[in-house]
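For reference, the structure is listed below as structure tokens.
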Amino acid sequence: MESKEIYQRLTQCGIPATQELAQGLATYHRLLMDWNTRMDLTAVTEEAEMLDRHYVDALSPLARPGLLPQTGTLIDVGTGAGFPGMVLKILVPSLEVTLLDSLQKRLAWLEELSVDLGLSGLTFLHGRAEEEGQDPALRERFDFAAARAVADLRLLCELCLPFVKVGGRFLAMKSVDSEGELDAARPAIQTLGGELAGTYDYAIPHTQVTHRVIVVEKVRPTPPAYPRRWTKLQKSPL
Ligand code: SAM
């Protein structure tokens, strides 16, 4: 995928970019496709689909002014091959980004990639969110948490909100048919110290694709009992 094509698509979608930053995404894409032949990084490989369903999707918070500022700390919970954390970092290099995943090999790949891309201000954290969220060095330390395609929103809130500082924000990237999931998650948001600030739907021009960002503000500290162990969290969601 050419950087010019990425640049044009991002600007067409209202995502602030420069040709130079789009070049970083083109490099990321080339390495992702290369490594995908040896490692299970992504199921989608068709270029137009990658561009709209992965890159634009992961970057869509940037299309809404003020939702994700240029500075601050962000943790991407369950980053996989770097969505959304790594692609956000490529486009907003001044963000301090922590990429968390329970799979070490994906993180090792992302770390190698960050060297190729010359990125600094990235931390690679191997672990489970429900355990790391109890670590005082990580708990309530981030301005933002983001997650995409990791778990149902009730569980996801318990995995992500403990990382967010009071006054910070959790961005859940969900599909537009997540209304039921959102309704079911309202008690969890409240219990974990969050407040639903709104949902932001984002239609990709000239496609049938619409993305949704669910925005949860952290208004109170998360009670110390959360996050619980995975079995408990899954068996009795809040
Ligand atoms: N966010 C990426 C994306 O949108 O392409 C990856 C999605 S993939 C379906 C889910 C990822 O979350 C996997 O890489 C998995 O290892 C990770 N994951 C799932 N549960 C987790 C947990 N409790 N703690 C940390 N990582 C987790």
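All ligand and atom numbering here is 1-based and tracks the order in the structure.
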Inset, instruction - Can you sort out the partners of K218 under side-chain hydrogen bond (donor to acceptor under 3.5 Å, both in side chains), two or more places apart, ordered by chain and number? - result: E140, T222
Inset, instruction - List in chain and number order the residues that pass side-chain hydrogen bond (donor to acceptor under 3.5 Å, both in side chains) with E132, two or more places apart in sequence or in another chain; answer none if no residue qualifies. - result: none
Inset, instruction - Say whether, by atom type as modelled, one donor and one acceptor occur between the side chain of S178 and the main chain of K174 under 3.5 angstrom. - result: no
Inset, instruction - Examine R38 relative to W35 and say whether NZ or CZ is less than 6.0 Å from the centre of the six-membered ring and inside a 45° cone about the ring axis. - result: yes
Could you list the donor-acceptor pairs under 3.5 angstrom formed between side-chain atoms of residues 112-123 and any protein atom two or more places apart in sequence or on another chain?
from	atom 1	to	atom 2	distance (Å)
S114	OG	E111	O	2.7

Inset, instruction - Just say parallel, tilted or perpendicular for the rings of F83 and Y55, cut-offs at 30° and 60°. - result: tilted
Inset, instruction - At a heavy-atom distance under 4.0 Å, which protein residues reach ligand 1? Sort them by chain and number, would you? - result: G78, T79, G80, F83, D101, S102, L103, R106, G127, R128, A129, E130, R148, A149, V150
